[in-house]
Q: 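This is the structure I want to talk about, given as structure tokens.
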Protein chains: 2
Amino acid sequence: MVAGMQSRNTPPTRAGGRPRSAEADTAILEATRQALVDLGWTKLTLGDVATRAGVAKTTLYRRWPGKSELVVDAVAELFDELELPDSGSLATDIEGVVLQFAALLGRPETKTALMAVVAESTTDEPLRARIRASIVDRQKRLVLAGRARAQDRGELPLEPDPATAARTADLIFDVIAGAVVHRALVSAEPVDEEWARRFTWLVLGGLSAVAGQGPGPGSP
Amino acid sequence: MVAGMQSRNTPPTRAGGRPRSAEADTAILEATRQALVDLGWTKLTLGDVATRAGVAKTTLYRRWPGKSELVVDAVAELFDELELPDSGSLATDIEGVVLQFAALLGRPETKTALMAVVAESTTDEPLRARIRASIVDRQKRLVLAGRARAQDRGELPLEPDPATAARTADLIFDVIAGAVVHRALVSAEPVDEEWARRFTWLVLGGLSAVAGQGPGPGSP
DNA sequence: CGCTTTCGCTACGGCTCGTAGCGTAACTGC
DNA sequence: GCAGTTACGCTACGAGCCGTAGCGAAAGCG
């Protein structure tokens with residue numbers, strides 16, 4: 001289920017020779033995540049990761065240009081575990097994905113790594129492309145799937161113009177992901193069911209709806 | 001207009017002696033911002049900042065615990081320049097603040113610093129408190145002022161329960177700030193008037209409104 | 001069995017960190 | 001004015017990490 005990842009790290013030249021150890025790859029990525037938990041982003045060193053993974057430091061540098069790229073690959077695997085639960089309505093679909101995303105951001109390795117690599121990427125264009133390809137763009141599937149389902153149910157109108165539809169999907173993605181990240185990491189307050197419900201209410205009905213009369217505590 | 005900042009850095013004991021140079025303080029913060037522009041977060045070193053500011057490295061360590069705290073103070077001043085334009089309607093108020101915020105995030109020093117210190121703060125609780133006090137909570141004034149104006153105009157209903165009202169303000173803040181940050185720094189696509197208009201439309205009217213019929217290109 | 005590539009290991013120069021120690025400068029209170 | 005107190009500039013230092021080079025051995029391929 002988490003296959004097809006090796007495409008992120010292809011040797012520069014293809015030829016016969018000793019193949020790269022796939023066990024080393026998984027051991028390194030797992031060691032990276034564990035080091036993130038124990039040390040956090042800044043105190044994480046590649047030498048330490050190599051020791052934890054049981055490989056030589058030089059092996060790390062043969063496969064990844066540096067710390068940022070390694071961490072991106074290590075956390076990207078976690079994001080692929082997100083899935084859209086078909087809960088029957090657009091509102092509960094959004095709530096479900098928000099809570100899943102929040103749970104992911106609650107893990108210490110994700111928490112400390114995500115913002116750090118994004119910060120790095122503001123002065124490192126190749127890294128930014130790697131983040132988009134490995135994490136951001138892959139998760140837009142959730143927005144597209146949720147909209148398609150909602151349209152099938154008749155909860156959302158069809159958007160005939162594909163360009164406009166794409167812009168809308170990007171907008172929704174930035175709003176949902178951005179709000180959850182900001183709530184969890186900047187405001188550092190819990191993303192619980194209560195918050196998810198009010199947030200979903202805002203996204204669906206707009207500001208006047210949420211400011212006037214929010215959904216009751218037991219809204220279906 | 002940017003006064004009252006020295007309260008962020010108070011000497012541990014108050015007594016007679018040589019006072020701290022206020023010129024050094026401003027020179028250090030300005031040098032920090034310039035170093036962020038030239039080097040970005042990771043390559044910024046305190047030794048380099050000291051040289052740029054024309055002070056000794058030890059002076060820096062006497063005033064700030066480390067790089068993170070220094071950078072927080074340096075960029076916090078920039079955020080205080082944000083203001084809510086009284087444009088006559090809630091929609092244009094939001095659009096104005098979104099564009100101001102986006103312009104701030106477009107500056108290289110803000111761009112590279114903000115995410116980095118937030119990442120740091122996930123494993124450094126005192127730093128997180130400093131960010132909240134110096135940046136985040138200070139900017140909630142924009143949300144509170146905007147809501148008050150909208151309520152005066154009759155665009156938003158009054159919220160009698162103060163606890164609910166506070167939660168709503170927090171929600172709005174996370175949504176607006178989070179979406180703009182995500183669009184600007186993660187998706188790395190422009191936050192222009194077009195996007196601000198569509199985003200505002202979503203916040204005010206909800207998803208069905210923005211997916212159905214967005215505001216025309218010349219909506220007043 | 002040669003060719004190719006990876007692996008583990010060691011070692012290295014270079015850089016940054018954060019602190020200590022010193023003499024000097026600036027300001028306060030007696 | 002003079003002693004006390006604090007900040008300042010400067011130098012120096014051990015420690016740690018970076019990223020690379022060089023080596024011999026291992027693991028596949030034709």
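No hydrogens, no waters, no symmetry mates; every other heavy atom, side chains included, goes into these values. Every chain is numbered from 1, with letters handed out A, B, ... down the list of sequences.
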Q: So if I apply the side-chain contact (heavy atoms from CB on, under 4.5 Å) rule between B/Leu202 and each of A/Leu171, A/Leu207, A/Leu202, A/Thr168, which one comes out positive?
A: A/Leu171
Q: With a 3.5 Å cut-off and just heavy-atom distances, do the side chain of A/Lys57 and the base of C/dG8 make a donor-acceptor pair?
A: no
Q: Between C/dG8 and A/Thr59, is there an OP1 or OP2 to side-chain N/O distance shorter than 4.0 Å?
A: yes
Q: Please report the distance, rounded to the nearest Å, between CG in B/Leu39 and P in C/dT16.
A: 10 Å
Q: Would you kindly say whether A/Gln151 and A/Arg149 are connected by a side-chain donor-acceptor distance under 3.5 Å?
A: no
Q: Would you kindly give the CG-to-P distance between A/Leu70 and D/dC18, to the nearest whole Å?
A: 11 Å
Q: Given the structure, check if the side chain of A/Arg18 and the base of D/dA26 hold any donor-acceptor pair shorter than 3.5 Å.
A: yes
Q: In whole angstroms, how far is the P atom of D/dC8 from the CH2 atom of B/Trp64?
A: 10 Å
Q: Calculate the interatomic distance between A/Arg52 atom CZ and C/dG8 atom P; express it in whole Å.
A: 18 Å
Q: Rounded to the nearest Å, what distance is computed from the CZ atom of residue A/Arg20 to the P atom of nucleotide C/dT6?
A: 5 Å
Q: What nucleotide among C/dG18, C/dT5, C/dA26 has an atom nearest to a side-chain atom of B/Pro19?
A: C/dA26
Q: Looking only at the side chains, is there a donor atom on one of A/Glu23 and A/Ser21 sitting less than 3.5 Å from an acceptor on the other?
A: yes
Q: Any side-chain heavy atom of A/Arg141 within less than 4.5 Å of one from A/Gln139?
A: yes
Q: Over all strands shown, is B/Thr58 touching base, sugar-phosphate only, or nothing at heavy-atom distances under 4.0 angstrom?
A: base
Q: Roughly how many Å is it from CG in B/Leu44 to C1' in C/dC17, rounded to a whole number?
A: 13 Å
Q: Check A/Leu46, A/Val75, A/Val117 against A/Leu70 for a side-chain contact (heavy atoms from CB on, under 4.5 Å) and give me the one that passes.
A: A/Leu46
Q: Please report, rounded to the nearest Å, how far the C1' atom of D/dA26 is from the CD atom of A/Glu23.
A: 15 Å
Q: Over how many whole Å does the gap from B/Leu60 atom CG to D/dG9 atom P extend?
A: 10 Å
Q: Does any N or O donor sit under 3.5 Å from an N or O acceptor when you compare the side chain of A/Arg62 with the base of C/dG8?
A: yes
Q: May I ask you to verify whether the side chain of A/Thr45 and the base of D/dC18 hold a donor-acceptor pair under 3.5 Å?
A: no
